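Note that this is a predicted model, so its numbers are computed, not measured. Both counts, for ligands and for their atoms, begin at 1 and track the order of listing.
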Amino acid sequence: MTEPALPAAFGFLASARPGGGRVPDAVFATRGSHTRVDTALPDQSLIATLVHAPGIAPDAAQARDTDTAVLLAGEFYNRAALHSVLPPGSEPDGDAQLLLQLLHRYGLHAFRLINGRFAAMVSTGRRVLLATDHAGSVPLYTRVAPGEVSASTEAKTLAAQRDPRGFPLADARRVPGLTGVYQAPAGSVTEIDLDSGTATIHRTWTPQLGRRIMPEDEATAAVRAALDQAVAARVAPGDTPLVVLSGGIDSSGVAACAHRAAGSLDTVSMGTDTSDEFAQARAVVDHLGTRHREITIPSADLLAQLPYAVWASESVDPDIIEYLLPLVALYRALDGSGRRILTGYGADIPLAGMHREDRLPNLDTAVVYDMATFDGLNEMSPVLSALSGHWSTHPYWDRDVLDLLVSLEAGLKRRHGRDKWVLRAALADALPEETITRPKLGVHEGSGTTSSFSRLLIEHGVAEPAVKEVKRLVVRELFDLTVGGGRHPSEVSTAEVVRSAAERFARGAA
Ligand code: IOT
Ligand code: MG
Ligand code: MG
């Protein structure tokens, strides 16, 4: 049997209690089938709803033995290495079983070993462990009270159950407007005592602060090897992956590696009636020979989908929403059954690609800042694509690729007058010259999202200097409606929310 192209589960809502109980029906943004899990352990019960691709039994997303139960949303990328540290003869079937065996050997330190895209909940003895991958790329939320720990990959599902009131969780981020709901930090295990509701957070990963000096050829070879491996680990045997392609260096690099790893590749580009990067993507498509599709979304339709972008990402950051909106609209426009999608998202963070200037001190300041502030923005959330049934994954935020890129000295990132030099040089033999040398263009610029959103506000009477602040109000109101308030995004009108935010701002500013 070939391995399925999608992970066994995309997400979950779960509850651990000393006695039994039931988990309420959950409305996820993630589209998929729901499977109930009810595991009675000697000291607690773990009950859950798993949300997963239709037609794939989510068996590999759960595992148990005598006193421990594991739930896993997402997947691991260093399986061979993880298998190699298990006793001979142990042959775990799926990532949840693999995790269970690692937990036996290493305790909660098992999570320090995993390079993956996942959120996990573990019930063991009288304790509950909530774990995120290094990047927190699958958001994980919790509400904790003595005698009950609820956890979910979507905050909205916890908002729906107001009781019991959550305990404060030191060091975790509160979710705006949702009393008692916290987001588990990226790269951590939250260890909770079920009886008392007290928690300790253990960090399992932190961004590198030291920088490595390397000769040019060594640095480019290391980057290429790491990216090749990260992409190969994200391609399922026998599956043709889909790359969301802008024609910039980041996604074109992923496309080149994916084409090589899978032997065939589908690509898709989105644009709007105001702007697109279709010609630049086409250069890569022709070079690699991918099966390509262009999707044009009118700007008005794009902005009308703002509620979906906020509902899926559960982010309140207006800049991030401008990056995510075009991608969410693209994912929603993909028909057919669930695909495995690779993106170039995140490359600009360790390489300071958004930072358009030459000075190295400022470049490294930007890298340090961005690596210290990404947590909680949810820009890599799988829900962005899972809302239409697709699984997305981001090779540049593979743990090994990210550790390498972050750690390179700034002079390798900005070199010979080029931004992201080391990546461009690493891909020089795999892509057309015009792609290698193409200046960076953000997705929010290439799709005209930032400017159309600004224009919409100005049409509603917002003065130019207030645009940024009103965007923040709009995004927050969309969050309150769709995440806190449980409204489906199809029932929320961007225009109405813009009108109300503009009015509120005008009243406040007057
Ligand atoms: P950008 O790097 O332009 O795009 C991110 C990814 O989205 C691309 O690699 C590509 O896979 C996909 N994409 C972009 N445009 C299109 C398109 N027209 N059609 C299809 N796919 C497309 C913002 C940005 O510049 O996006 N994201 C940054 C950094 C975010 C800042 N976050 C932070 N500081 N925490 C990034 O690194 O991706
Ligand atoms: Mg990029
Ligand atoms: Mg771009």
Enquirer: Give the atom name of whichever N/O/S atom in Asp348 sits closest to the Mg ion (ligand 2).
Expert: OD2
Enquirer: Side chain of Arg143, backbone of Leu158: donor and acceptor closer than 3.5 Å?
Expert: yes
Enquirer: Tell me whether Ser388 contacts the main-chain N or O of Tyr331 through its side chain, where contact means a donor paired with an acceptor under 3.5 Å.
Expert: yes
Enquirer: Given a heavy-atom cut-off of 4.0 Å, could you list the residues near ligand 1 in chain and number order?
Expert: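 These residues qualify: Val244, Leu245, Ser246, Asp250, Ser251, Val268, Ser269, Met270, Ile320, Tyr323, Leu327, Leu330, Thr343, Gly344, Tyr345, Gly346, Ala347, Asp348, Ile349, Met354, Asp370, Leu377, Glu379, Lys440, Leu441, Gly442, Val443.
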Enquirer: Please find out if less than 6.0 Å separates the ring center of Tyr141 from that of Tyr182.
Expert: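 Not under 6.0 Å, so no.
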Enquirer: Establish, for the pair Arg332 and Tyr308, whether the NZ or CZ atom is under 6.0 angstrom from the six-membered ring centre and no further than 45 degrees off its axis.
Expert: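 Cation-pi check for Arg332 and Tyr308: passes.
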Enquirer: Under 6.0 Å from the six-membered ring centre of Trp311 and within 45° of its axis: does the NZ or CZ of Arg487 meet both?
Expert: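 Negative - Arg487 is either too far from the ring of Trp311 or too far off its axis.
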Enquirer: For Tyr77, does the six-membered ring have the charged nitrogen or CZ of Arg234 within the cation-pi criterion, i.e. under 6.0 angstrom from the centroid and within 45° of the normal?
Expert: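 Relative to the ring axis of Tyr77, which defines the angle, Arg234 lies inside both limits.
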Enquirer: I want to know whether Tyr323 and His444 have ring centres closer than 6.0 Å.
Expert: yes
Enquirer: Between Asp335 and Arg293, is the closest basic N to carboxylate O distance under 4.0 Å?
Expert: yes
Enquirer: Which of parallel (below 30°), tilted (30 to 60°) and perpendicular (above 60°) describes Phe10 and Trp391?
Expert: parallel
Enquirer: So what's near the Mg ion (ligand 3), protein N, O or S atoms under 2.8 Å?
Expert: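 Correct list: Leu441 O.
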Enquirer: Going by the salt bridge (charged side-chain N to carboxylate O under 4.0 Å, His left out) test, name the single residue among Arg414, Lys413, Arg424 that passes it with Asp419.
Expert: Arg424
